[in-house]
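Below you'll find the structure, written out as structure tokens, and then a few comments.
Owing to the predicted nature of the structure, the values given are computational and were not obtained by experimental measurement. By convention here, the first residue in the shown sequence is residue 1.
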Amino acid sequence: MTDGSGRIRVGVNLMWLVPGVVGGSEEYTVRALLALAERADPGLDLTVFALSQFREAHPEVAEAFPVVPADLDGHRKPERVLMESAWLPRELARHGIDLVHHAGGVVPPAPGASRLPAVLTIHDLQPLLMPDNFSRLKRTWLGAMLPRSARRARVVMTPSEPASASVVEVLGVDPERVVTVPHGIEPWATVDAQRMAEARHRYNLGERTILYPAIPYVHKDHRTLVDAFAILADERPDLTLVLAGGPGPVEAELASAIRASGFGSRIRRTGRIPWDDLRALYAAATVVAVPSRFEGFGAPALEAMAAGRPLVVADATALPWVVGDAAVRVEPGDVAAWAAALARVVDDPVEQERLSAAGRRRSSEFTWERTAEALAAGYRLAATIGEDGER
């Protein structure tokens, strides 16, 4: 499955990627592609097929690879699915693509779109394992499309070993066709004292701070953290809770929980903020908390470790695999246990230093070079597998 030069011509389908809307999967996908470009693999020739605004949102990708834009902004899903099923197959053929990477979790349903050998990235199986977190339409669509897509793909990629194991267990994919392509992270730049002081003033932080950077989705479980903070706050008047991240589907429920906590004046809901501000909030945090009940990976946990911040995470799905022994792990949803764990870290500088050092060591294992190597290996594996699944 190569051209005359022996190179594998890979088309990367990013029609699902609406810039600024799809969350952490956008950063993961874009940075993985850039890492592959930095690797300069002589056996791979990539072309990106994306929405009209992608080139402007990610000019660095357009500099690294040819980008074929669709005349569509992607905000209306039926139109996007139609383009994936009609426009995309024509463009893949026109550009002589050998192998198509559907990076958004599904292989388009039309026969023409699934004719080429495919690699599929499944970020997680939450729609199948926690269907009540989704609208009826979305869980019906993904409930049908995820199993079908996994069967259609020659190789399935996921961002973590637990996510890979769930693809094998839940979807019945041969483990030899599943490749883990983990997130990476750059070496963390130090935030200077002036920048941190500006962030403290801008977001009105107390002397000690708990940070949770996440869009309010049901599975992110902000409520557990708010309720745990209410237990801590009475005896710690210098403690602030910062909930960073853009608006989400359970924004109203989160606002209600903050009001009911009795400590709303010390809970900061920042909304979406610039990356430099978020880096400063990490630097200012006494502890980072990630109470999410479901993660395919858990990028905020990796960011916290790279920043050298003490970390408390839910003992659920991919988070234990990401953090190893570099975080305190707590049963998801157990408010009393979360309050106790956070108090132990907030009140103990020795424990803070231990977790900080362990986090830096752990985060150093997640390099973008490792990501690029795994991504390239997945493409090569797919190129060696025939239609019957044999290599």
Side-chain angles (χ1 to χ4, degrees), residues 1-17 25-26 28-51 54-55 58-70 83-84 87-108 111-122 149-150 152-159 173-174 176-184 367-391:
M1 187 194 299
T2 63
D3 61 20
S5 67
R7 295 165 67 87
I8 306 169
R9 296 167 300 188
V10 181
V12 183
N13 172 17
L14 298 187
M15 297 286 290
W16 58 277
L17 199 163
S25 56
E26 177 176 358
Y28 165 64
T29 302
V30 166
R31 193 58 188 85
L33 291 174
L34 292 175
L36 195 60
E38 291 163 10
R39 192 171 188 263
D41 193 310
L44 298 174
D45 186 0
L46 267 67
T47 301
V48 174
F49 300 82
L51 299 171
F54 179 85
R55 201 191 287 265
H58 296 289
E60 68 280 22
V61 176
E63 290 178 8
F65 303 110
V67 175
V68 181
M83 287 287 278
E84 279 188 301
W87 174 86
L88 181 61
R90 291 197 301 270
E91 291 299 315
L92 293 170
R94 191 165 71 86
H95 287 81
I97 299 301
D98 302 310
L99 175 73
V100 58
H101 177 191
H102 299 287
V106 299
V107 175
S114 58
R115 188 172 295 125
L116 276 177
V119 172
L120 174 69
T121 295
I122 295 180
S149 297
R152 174 65 187 83
R154 292 190 179 182
V155 166
V156 176
M157 297 177 175
T158 83
V173 179
D174 181 345
E176 293 190 0
R177 295 198 298 112
V178 181
V179 175
T180 298
V181 183
H183 288 235
T367 65
W368 286 114
E369 291 81 5
R370 175 186 175 190
T371 305
E373 182 179 353
L375 184 57
Y379 289 155
R380 287 196 166 84
L381 175 60
T384 68
I385 297 176
E387 292 185 10
D388 58 359
E390 296 296 326
R391 298 175 63 180

**Report entry** Contact check, side chains of Val30 and Glu60, non-hydrogen atoms, under 4.5 Å
**Finding:** yes
Query raised in the report: Is the closest side-chain heavy-atom distance between Val100 and Phe49 below 4.5 Å?
Result: no
Requested in this report: Quick one: closest heavy-atom pair of Phe65 and Ala37, and the distance?
Outcome: CZ-CB, 3.6 Å
Query raised in the report: Can you name the closest pair of heavy atoms from Val119 and Gly378 and give their distance?
Result: CG2-O, 4.4 Å
Query raised in the report: Under 4.5 Å between any side-chain heavy atoms of Ser25 and Thr121, yes or no?
Result: no
Report summary line: Heavy-atom nearest pair, Val173 first then Ala150, reads CG2-CB, 3.8 Å
**Report entry** Electrostatic pair Arg94-Glu91, nearest N-O below 4.0 angstrom
**Finding:** yes
Query raised in the report: Would you call Leu14 and Leu51 a side-chain contact if the rule is heavy atoms closer than 4.5 Å?
Result: no
Query raised in the report: Could you go step by step and tell me if Arg31 and Glu38 meet the salt bridge (Lys or Arg N to Asp or Glu O under 4.0 Å) rule?
Result: CA-CA 10 Å; Arg31 193 58 188 85; Glu38 291 163 10; 3.4 Å; yes
Query raised in the report: Is the shortest heavy-atom distance from the side chain of His95 to the side chain of Arg9 under 4.5 Å?
Result: no
Query - Distance-minimising heavy-atom pair for Pro69 and Trp87 - result: O-CZ2, 3.5 Å
Query raised in the report: How close do Thr29 and Ala103 get, heavy atom to heavy atom, and via which atoms?
Result: CG2-CB, 4.2 Å
Query raised in the report: Does the side chain of Tyr379 reach to within under 4.5 Å of the side chain of Asp41, using non-hydrogen atoms?
Result: no
